[in-house]
Novice: 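I have a structure I would like to understand better, so I am pasting it below and will then ask my questions one at a time.
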Amino acid sequence: MRDNNLMPIVDEPVGIYEDPLDLMDEIDRLKKAKDATILAHYYVDGEIQDVADFTGDSLQLARDAARVETSTIVFSGVHFMAETAKMLNPSKTVLLPDLQAGCSLSDSCPADQLAAYQKKLREEGRDFQTVAYINTSAAVKSLCDWIVTSGNAREVVEERVPKDKEILFVPDQHLGRYLVEVTGREMILWPGSCMVHEVFSLQDLIRAKKSTPGSVVIAHPECPQNILEVADFIGGTERMKQYCASIQEPTKFLVATEANMIYPLENAAPQHEFIPVPGIMTDTGETCACNRCPHMARNTLAKVRDCLKRGKPEIEWQPYFDKAREVVTRSLLQ
Ligand code: 13P
Ligand code: SF4
C-alpha cells in the first residue's frame, strides 16, 4: 500500500527544463509534418497563442474550427471547446493537450441533473426552451435548444428564442442575470458560476479605480453583479479587445477577466496599460493569483508538442455529438 507520509502525491510529472523557443520551433515543424492546425483561446499562455494558427474567444474559435482544412486540430483550451471542435469535424482528429482541462461552469451542470430538471419543469406544465452557454459538455448541449457564447448571447435571446416561451438558462447564473437585465426577458437560472470570475475582489477593484485616475474598468459578463455594477464596459473577450483597440487615447484599463487576456489586449492595443484585477480567497479574504484559470493553465508548450507527436489525448466521438452538433450549428454558424 502507498504510504502517503513517505511518498508525496504529485499531480504532474516534474519535467526537465525545455527552452520555450526550442519548443515553439519543434511545434512549428510538427504542425506541418502532422497536417495540424492549432486553435488557442485567449486565456492560455501568450507563448501558446504565439504558435497558434487561430486565437480568439469561444465564438470565433468554434467558427474557425468549422473551417479548418487540415486533418488534425489541436485545441489549446478546455474540454468543452475541443468537444465542440470535434462535433463540427467528425472525420478529423481533435487533440486536447491535457484531457483534465475542464471548466467549473461546465462541471456545475451535469447532463443527468439537467435532464431531470427539464422533466420536472415539463411535468409542472412549463413551456420553455433551454439556452445553454457554450461552457457546457456536449451531452448537455444535446439536451438544449440554443447554445450561446458571451459574443452572441444577447442577440440569440432577443432575436431567436420565441417570445411565447419561458427560458431555462444554464449553467452561468451571472451571465444569465446580466442577460435578464439587458434583454428584459425573465429566465429560470441554473446556479453555476465560473471559479475565476466569481472571485474578483470588489474592494480591490474600487481601490484600484480610485488610485488610478482616469482608469476604465472592463469586465466579462461571467462576473457577479457587484463587479459589473462598477464596470465601464461589459463584454466577452473579443468585444473587450475590439473596444480597447477602438480607443486611441492612451488609457489605463482595469481588467476583470482571466489574467492571460492581458496578452492579446496588449498586442491589439499597445498604446494602453492593462492592469489585472486581483482575485480574493473566499476563506481567508486574502488576494490571490486566482484570476488565472487552473484548467486553461494545464495547457503548456510541452503538452502541445507532446500531443502533436503522439496523436493523443484525442476527443473520441460520442453518439450524442450528432444532436449537439445540430444545436451548435443552428446557434453559432447560421
Ligand atoms: P469568451 O472568450 O467567449 O468570452 O469566454 C470566456 C470563457 O470563460 C471561456 O472559458
Ligand atoms: Fe471555465 Fe472559468 Fe476557466 Fe473559462 S475561465 S474555462 S469559464 S473555469
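Read the numbers this way: they start at 1 and go in the same order the structure lists the ligands and their atoms.
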Novice: Would you say the side chains of Thr257 and Tyr43 form a donor-acceptor pair under 3.5 Å?
Specialist: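 Result is yes, a qualifying pair exists.
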
Novice: I'd like to know whether NZ of Lys209 has more than 12 heavy-atom contacts from other residues, nucleotides or ligands below 6.0 angstrom.
Specialist: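 Above 12, so yes.
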
Novice: Taking only residues two or more places apart in sequence, or in another chain, which ones meet Phe321 in a ring-ring contact (aromatic ring centres under 6.0 Å, His included)?
Specialist: Trp317

Novice: Strictly below 4.0 Å, N to O, side chains only: are Arg325 and Asp322 in salt-bridge contact?
Specialist: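 Yes.
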
Novice: If we check side-chain contact (heavy atoms from CB on, under 4.5 Å) with Ile27, which of these qualifies: Asp50, Ile48, Asp22, Val304?
Specialist: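 With Ile27 as partner, Asp50, Ile48, Asp22, Val304 yield a single side-chain contact (heavy atoms from CB on, under 4.5 Å), made by Val304.
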
Novice: Does a side chain donor of either Asp64 or Gln60 reach within less than 3.5 Å of an acceptor in the other side chain?
Specialist: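 Yes - a donor-acceptor pair under 3.5 Å links their side chains.
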
Novice: Between ligand 1 and the protein, find all N/O pairs closer than 3.5 Å and give the distance for each.
Specialist:
residue, atom, partner, partner atom, Å
ligand 1, 2 (O), His41, NE2, 2.7
ligand 1, 2 (O), Thr237, OG1, 2.6
ligand 1, 3 (O), Ser58, N, 3.1
ligand 1, 3 (O), Ser58, OG, 2.9
ligand 1, 3 (O), Ser150, OG, 3.3
ligand 1, 4 (O), Ser150, OG, 2.7
ligand 1, 4 (O), His220, NE2, 2.7
ligand 1, 4 (O), Thr237, N, 3.1
ligand 1, 4 (O), Thr237, OG1, 3.4
ligand 1, 8 (O), Glu222, OE1, 3.4
ligand 1, 8 (O), Glu222, OE2, 2.9
ligand 1, 10 (O), Asn135, ND2, 3.3

Novice: Against ligand 2, does His41 come closer than 4.0 Å with any heavy atom?
Specialist: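 Heavy atoms of His41 never come under 4.0 Å of ligand 2.
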
Novice: With distance as the sole criterion, is a donor-acceptor pair present between the side chains of Thr136 and Ser106 under 3.5 Å?
Specialist: no

Novice: Suppose the cut-off is 2.8 Å; which protein N/O/S atoms would you list for atom 1 (Fe) of ligand 2?
Specialist: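 Checking every protein N, O and S atom gives Cys103 SG.
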
Novice: Going by distance alone, is a donor N or O of one side chain under 3.5 Å from an acceptor N or O of the other, for Trp190 and Gln173?
Specialist: no

Novice: Going by ring-ring contact (aromatic ring centres under 6.0 Å, His included), name the residues that satisfy it together with Phe253, two or more places apart in sequence or in a different chain.
Specialist: His272, Phe274

Novice: Of the backbone atoms (N, CA, C, O) and the side-chain heavy atoms from C-beta on, which set of Glu258 has a member under 4.0 Å from an atom of ligand 2: side chain, backbone, both, or neither?
Specialist: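 No part of Glu258 is near ligand 2 at this cut-off.
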
Novice: Show your working on side-chain hydrogen bond (donor to acceptor under 3.5 Å, both in side chains) between Glu238 and Tyr42 and close with a plain yes or no.
Specialist: CA-CA 9 Å; Glu238 191 61 46; Tyr42 288 142; 2.7 Å; yes

